[in-house]
Amino acid sequence: MKTRLTRRSVLRGLIGGTAVSVGLPVLDLFLNTNGTALASGAPLPTRFGTYFWGLGLTDTPTGGTRWVPTKVGAGYEVMPELEAIAGVKDKVSVFSGFRVIGDGRANLVHWSGHASILSGIAPATASRFDGPSFDTKVADAIGTGTRFKSIDVDASISRQPVSYSTRTGSTFASPDVTPLALYTRLFGPDFQDPNSDDWKPDPSIMLRQSVLSAVTDERKALMKGLGKDDQVKLDQYFSSVRDMENQLAVQLQKPEKCEACVIPAAPKEIARGASVELVNENTKTLAKLLAMGLACNQSRVFTFVHTSGASETYMAGNSKIYHQITHDEPTDAKLGYQPETSRLAGLVMQGLGAFLAELDAIKEGDGTLLDNSLVLAFSDTGYAKIHAIENIPMFLAGGAGGRHKAGQHIAGHGDSVTRVSLTAMQLAGASIGEFGAGSMKTSNPISEVMA
């Protein structure tokens with residue numbers, strides 16, 4: 001008998017009594033004859049994620065730069081601090097000259113930059129945003145049909161987990177910080193055999209679904225007796241409940257007889273330490289696991305932190321951390337830039353290069369997972385020595401399923417960073433017409449990179 005597979009086929013199992021599932025990657029039999037779409041005619045899914053690193057890249061007020069290409073448009077040259085992404089250069093667009101416009105608000109060091117990029121609003125205080133991060137809007141648009149609406153990862157090996165994903169502006173996501181934690185979330189042990197003929201819905205999942213249904217009835221009744229402001233607050237509060245309802249619905253679908261995803265071996269515990277070499281090693285391992293999770297349709301949206309804004313990474317054998325070096329190191333009179341800072345920036349960019357390479361290594365359809373993804377990579381500052389929020393490095397990587405005209409250098413000439421954010425949202429598939437507030441409010445995406 002011919003085994004029948006669908007793109008919604010999954011492995012199912014238990015971790016400590018909690019049901020888990022792992023979907024299948026996009027196999028050839030799910031595609032049309034050209035490998036460009038699913039057999040049903042639907043396009044291959046687009047994944048979206050953000051990738052953040054702290055302390056920008058090397059720039060100086062005198063115009064010296066180690067990362068901004070001189071050529072605008074297609075075919076930009078690989079600058080010294082972009083060498084790590086040379087292997088996927090044609091899949092990466094570089095955005096220079098974009099800035100945060102604070103409308104009189106102070107530059108909150110190592111915070112205003114990425115807070116503005118993600119929320120569209122220059123923040124009033126450090127440690128919180130003045131609105132949700134836009135990755136949550138993308139997750140609401142494209143992430144509801146998977147087990148996890150979004151996956152949050154922190155590779156920084158910091159003392160406190162770092163995430164910049166928020167729905168409220170004040171409460172941030174709790175990221176997975178080790179490969180083992182991410183592996184357990186995505187894959188876990190003790191899977192049920194998807195080819196077993198005696199599959200039955202997990203009673204514990206059915207019970208949880210029943211309980212949530214009762215909560216839903218109570219929620220609707222409660223909403224009727226509240227004022228508008230309280231209804232908004234309660235709706236935000238119950239958003240996680242709705243996410244759980246969607247997750248349970250996915251887990252209660254009967255798996256069809258099928259081939260399984262290639263489940264990776266459980267990773268070993270990593271060495272602890274903030275050297276840039278260890279952070280990059282952690283990044284590569286986490287990226288490999290995340291890429292397989294995306295390929296197996298566990299999620300379509302992610303956020304990834306390489307290092308925090310005020311990065312504490314260091315080079316092995318150096319007594320100073322990267323953050324301190326950016327401030328203490330003078331500009332070399334002959335070179336025109338800070339040489340040690342530039343060296344560290346190049347090492348940090350190796351993390352991004354490794355991350356993108358893992359997405360590009362997974363074949364999908366007639367391309368790769370990276371071709372069917374869009375990654376917005378960015379930092380918190382343009383010139384770390386003076387905490388500049390002009391010329392913040394921003395990159396869009398991946399093909400977004402053919403919607404991103406990649407391989408270009410776009411010069412912003414002082415435009416708001418929110419133009420790049422809006423472009424990313426629209427390329428990822430979110431129906432967002434405008435983004436930002438005040439002088440950073442925009443309805444003008446960067447059409448040059450949109451197919």
Fill in: Point-to-point distance, once rounded to the nearest 0.5 Å, from CG of L290 to CZ of F302
5.5 Å

Worksheet item: Can you name the one residue among K405, Q408, H404 that meets side chain to side chain donor-acceptor pair (under 3.5 Å) with S93?
Response: H404

Worksheet entry | Note, H110 side chain near H323 side chain (heavy atom, < 4.5 Å) | yes

Discussion item. Using a strict threshold of under 4.0 Å (side-chain N to carboxylate O), is an ion pair present between K385 and D59?
Written reply: no

Discussion item. Using side-chain heavy atoms (C-beta onward) and a distance below 4.5 Å, is V305 in contact with V153?
Written reply: no

Discussion item. Please report the interatomic distance OG(S342) to CG(L335), rounded to the nearest 0.5 Å.
Written reply: 9.0 Å

Practice prompt. Say whether N444 and T442, considering side chains only, have a donor N or O and an acceptor N or O under 3.5 Å apart.
Written response: no

Worksheet item: What is the distance from atom CD1 of I121 to atom OG of S112, rounded to the nearest 0.5 Å?
Response: 12.5 Å

Discussion item. I need the minimum non-hydrogen distance between D380 and F52, along with the two atoms involved.
Written reply: N-CE1, 3.6 Å

Worksheet item: Please walk me through it: do T368 and D371 pass side chain to side chain donor-acceptor pair (under 3.5 Å)?
Response: CA-CA 5 Å; T368 70; D371 294 328; 3.3 Å; yes

Practice prompt. Check V279 against T307 and note the closest heavy-atom contact, atom names and distance.
Written response: CG1-CG2, 4.1 Å

Worksheet item: K91 and D360: salt bridge (charged side-chain N to carboxylate O under 4.0 Å, His left out), yes or no, with the steps?
Response: CA-CA 10 Å; K91 300 183 180 186; D360 206 39; 2.7 Å; yes

Worksheet entry | Stepwise side chain to side chain donor-acceptor pair (under 3.5 Å) check, S96 with H409 | CA-CA 8 Å; S96 67; H409 168 214; 2.7 Å; yes

Discussion item. Ignoring hydrogens and geometry beyond distance, is a side-chain donor-acceptor pair present between T146 and N297 at under 3.5 Å?
Written reply: no

Practice prompt. With sequence neighbours left out, write down each residue that passes salt bridge (Lys or Arg N to Asp or Glu O under 4.0 Å) with D328, or none if nothing qualifies.
Written response: K320

Discussion item. List the residues meeting salt bridge (Lys or Arg N to Asp or Glu O under 4.0 Å) with R105, not counting sequence neighbours, and say none if there are none.
Written reply: D130

Fill in: Other residues, nucleotides, ligands: >12 heavy atoms within 6.0 Å of E77 CD
yes

Worksheet item: What pairs with R403 under side chain to side chain contact (heavy atoms under 4.5 Å, CB included), at least two apart in sequence or on another chain?
Response: T46, A400, L427

Practice prompt. Check whether any side-chain heavy atom of L289 sits under 4.5 Å from a side-chain heavy atom of P267, and report yes or no.
Written response: yes

Practice prompt. May I ask you to test the P69-V94 pair for a side-chain heavy-atom distance under 4.5 Å?
Written response: yes

Discussion item. Distance alone, cut at 3.5 Å: any donor-acceptor contact between the side chains of T418 and S416?
Written reply: yes

Worksheet entry | salt bridge (Lys or Arg N to Asp or Glu O under 4.0 Å) partners of E312, counting only residues at least two apart | R159

Worksheet entry | Pair T136-S150, side-chain contact (heavy atoms from CB on, under 4.5 Å): steps then yes or no | CA-CA 8 Å; T136 62; S150 181; over 6 Å; no

Worksheet item: Do Y314 and Y322 make the cut of ring centroids closer than 6.0 angstrom?
Response: no

Worksheet item: What pairs of residues pass the salt bridge (charged side-chain N to carboxylate O under 4.0 Å, His left out) test when at least one of them lies in residues 287-298, not counting sequence neighbours?
Response: K288-E358

Item to complete: Could you check whether the rings of F187 and Y183 sit parallel, tilted or perpendicular, using 30° and 60° as the cut-offs?
Response: tilted

Item to complete: Measure the acute angle between the ring planes of F129 and F172, then classify it against the limits of 30° and 60° as parallel, tilted or perpendicular.
Response: perpendicular

Worksheet item: How are the rings of Y51 and W53 set relative to one another: parallel (under 30°), tilted (30 to 60°) or perpendicular (over 60°)?
Response: tilted

Practice prompt. Kindly compute the distance separating OG1 (T313) from CG (L347), expressed to the nearest 0.5 Å.
Written response: 9.0 Å

Fill in: Heavy-atom closest pair, residues K71 and Y76
O-CB, 3.9 Å

Discussion item. List the residues meeting salt bridge (Lys or Arg N to Asp or Glu O under 4.0 Å) with E434, not counting sequence neighbours, and say none if there are none.
Written reply: K441

Fill in: Worked check of side chain to side chain donor-acceptor pair (under 3.5 Å) between E329 and T341
CA-CA 8 Å; E329 184 183 19; T341 298; 2.7 Å; yes

Practice prompt. For the residue pair S439 and D103, confirm or rule out a side-chain donor-acceptor distance under 3.5 Å.
Written response: yes

Discussion item. Nearest 0.5 Å, please: how far is CD1 in I157 from OG1 in T178?
Written reply: 10.0 Å

Practice prompt. Write down the atom of T381, the atom of H387, and the distance for their closest heavy-atom approach.
Written response: OG1-C, 3.6 Å

Worksheet item: Any salt bridge between R185 and D152, counting N to O under 4.0 Å?
Response: no

Worksheet item: Between H306 and D154, is a side chain to side chain donor-acceptor pair (under 3.5 Å) present by the stated rule, with each step listed?
Response: CA-CA 6 Å; H306 177 266; D154 170 23; over 6 Å; no

Item to complete: Over all heavy atoms of both residues, which pair between G336 and T60 is shortest? Give the atoms and the distance, please.
Response: O-CG2, 3.5 Å

Worksheet item: What pair of heavy atoms forms the shortest contact from F435 to L118, and how long is it?
Response: CZ-O, 3.5 Å

Discussion item. Do the side chains of R47 and E364 get close enough for a salt bridge, i.e. N-O under 4.0 angstrom?
Written reply: yes

Practice prompt. Measure the spacing between OG1 of T423 and CD1 of I446 and express it to the nearest 0.5 Å.
Written response: 4.0 Å

Practice prompt. Please work out whether the ring planes of F134 and F48 are parallel, tilted or perpendicular, with thresholds of 30° and 60°.
Written response: tilted

